[in-house]
Amino acid sequence: MSSNAPTVVYESSDAGKDPEKGSRNDSSSSVGAVQLDEHIDVAAELVLGHSDDAEPSAQESKRLRRKLDWHILPLLALIYTLQFIDKGSLAASSILGLLKDAHLSSSGFNNANSAFYIGLLALELPQNWALQRLPVGKWLAFNIFLWSVFLGMQPLCKHFGPLFFVRFLLGASEGAITAGLMLVTSMFYTRTEIGERIGWVFSCNGVALIISGFLSFGVAHISPKDHPDQWEWLMIILAVATFLTSIVFWFYFPDNPVKVTWLTQEEKIKVVKRVRGNMNGIETKRFKMYQLREALLDTKTWVFFFAGCLANIQSGIGSQYSLVIKAYGFTTLTTTLLNIPSGATQILGIFLGCYLLRKFPNSRAWIGIAFWIPSIIADFLSLYLPLENKGGLLAAIYLLYFGGSSSFIMLLSYVTSSVSGHTKKVTTNAIFLMGYGLGQVLCTQFWKAQYRPRNHIPWVITLVSHVADILFLLLIRQMFATENQRRDALQASAPTHHADGEEKEEYGWVSVVDEAGVRSRKERVEKAFLDLTDKENLNFRYPL
């Protein structure tokens, strides 16, 4: 805030009450004024005086959504395509000379894949802390730059130790990407739009599989006797592309709706008011310990953690696909092309899931369960089809990508939309992504050389994880439906207005203080912009 601008301070005691405990459980807060730029949402000052403005029309909302999409989605699509190619570069390189040049055994290759997610696990909490304290766009751009450096260092690694260390650093730098996606989409989009946009962005993983297949096919035509080697050329190409992307992100990716330059002041207000129904707020730069504690003690945080872990135990195929397909009896050159249809089926599955979410907004669990079923069928096909049926075994892999990707999007949409309070949100996101990383670490360890070509043990583990995923989605929906019913009953039985006639549940109050420190007036602000947690704000409803 400008030093010449009036200070806006938080004054209401009612808006900060925990519906279960009766008062704000932040030990650092006190009766009286609280600085807006430290405690309250960055959008609160923007919407002051606009509480009674008319809602954007359907046509205006559509125009704004289209403008947001054109400025945000291409960048997210670019980074997710590169991210998936980059972290899968080891899998693609496994048949292009990496194993021989880096002197990797089967277990060494698995451990090198695990190193990426160990790095993500180790740095996920610090990454999310930085995403709250620092400008989101700039922090993402910095991490993308680091990631290009570490990716470019991989061709220098001729033994397991250096490769493990570089992969660890690569995972640590990529740990900001999905967390950043979750934050940014919740700032700019409504709940249904969040699910769709996350899905569209994740469909770029399928695009990445297609591009990676063609890239691998191209470098496979380089003579293995040349220097750089085939796999080294792949790494160099990806490192350069990632470096250029970091420059684009530094200059063009937004930090939040308040700071973007491509929205007018009026459009910023409308964009912020469009998403107030999420009850997630936009962004608060002060790290609040009481919200950290609430996240750690919230049951759904750990349900998300274990669901994220299980949903990624089956992702071992993502790091092993080249070896699995080649074990079915295909040549190296053919194998580089045969994973391309996996990308196409992944894109198809995600777009179908996003379409269903738009038609049935409160059906995340049912959509996720429906898409786990093709994955379960794929598990059985991989277990029981004879090895001679190469076409059927390939179809099983494609079916696995079709189902699992869309289901994971529904889970990610739950996490992104069901937590408010900015510190609590970034903490929950971090714990969920740590579960994601743990699942990825575990899944690389049971695809061992002695199980090929049938891979019975890995496919059984994958099957069990799919069934467990269905149970977790049912549990999440039941938890949220029960809590929503409880809140509906509480609000139905409570007075709706204060003694002075003002609405009790919809608004909190802030005071505007002039340069002399005199409180000049009071303003209503929607609770969505007071950085309340989902437990503090009785108006919050969990998505189903």
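Reckoned from all heavy atoms, side chains included, excluding hydrogens, waters and symmetry mates.
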For this session: Only counting residues at least two apart or in another chain, list the ones meeting salt bridge (Lys or Arg N to Asp or Glu O under 4.0 Å) with R358.
Result: E196
Exercise. Is it the case that N128 and E124 place a side-chain donor and acceptor less than 3.5 Å from each other?
Worked result: yes
Do [X] and [Y] have side chains that get closer than 4.5 Å, going by heavy atoms?
X    : Y    : value
I72  : P254 : yes
I476 : L411 : yes
F202 : Q346 : no
L121 : Y117 : no
Y189 : L68  : yes
F116 : F168 : no
V415 : N429 : yes
F480 : Y414 : yes

Over 60° means perpendicular and under 30° means parallel, so classify the ring planes of [Y] and [X], tilted if in between.
X    : Y    : result
F408 : F432 : parallel
F188 : W262 : parallel
F540 : Y542 : perpendicular
F472 : F306 : parallel

For this session: Mind running side chain to side chain donor-acceptor pair (under 3.5 Å) on R364 and S413 for me, showing each step along the way?
Result: CA-CA 8 Å; R364 287 168 175 80; S413 174; 2.8 Å; yes
Value rounded to 0.5 Å, distance of [atom1] in [X] from [atom2] in [Y]:
X    : Y    : atom1 : atom2 : result
D255 : L183 : CG    : CG    : 11.5 Å
I409 : L357 : CD1   : CG    : 10.5 Å
C309 : L442 : SG    : CG    : 5.5 Å
Q291 : T428 : CD    : OG1   : 9.5 Å
L76  : T81  : CG    : OG1   : 10.5 Å
Y436 : F305 : OH    : CZ    : 14.0 Å

Side-chain ([X]) to main-chain ([Y]) donor-acceptor, under 3.5 angstrom:
X    : Y    : answer
T533 : G421 : no
W302 : L296 : yes
N362 : L544 : yes
S493 : L490 : yes

For this session: Go through the steps to decide whether C354 and I350 satisfy the test side chain to side chain contact (heavy atoms under 4.5 Å, CB included), and finish with yes or no.
Result: CA-CA 6 Å; C354 290; I350 289 175; 4.1 Å; yes
Exercise. When you check the gap from the basic side-chain N to the acidic O, do K288 and E294 get nearer than 4.0 Å?
Worked result: no
Shortest non-hydrogen contact between [X] and [Y], atoms and distance:
X    : Y    : result
I198 : L412 : CG2-CD2, 3.4 Å
F360 : I367 : O-CD1, 4.3 Å
Q478 : T482 : O-OG1, 2.8 Å

Seminar exercise, completed: Residues at least two apart in sequence or cross-chain that pass side-chain contact (heavy atoms from CB on, under 4.5 Å) with T299, listed by chain then number, are V303, M479
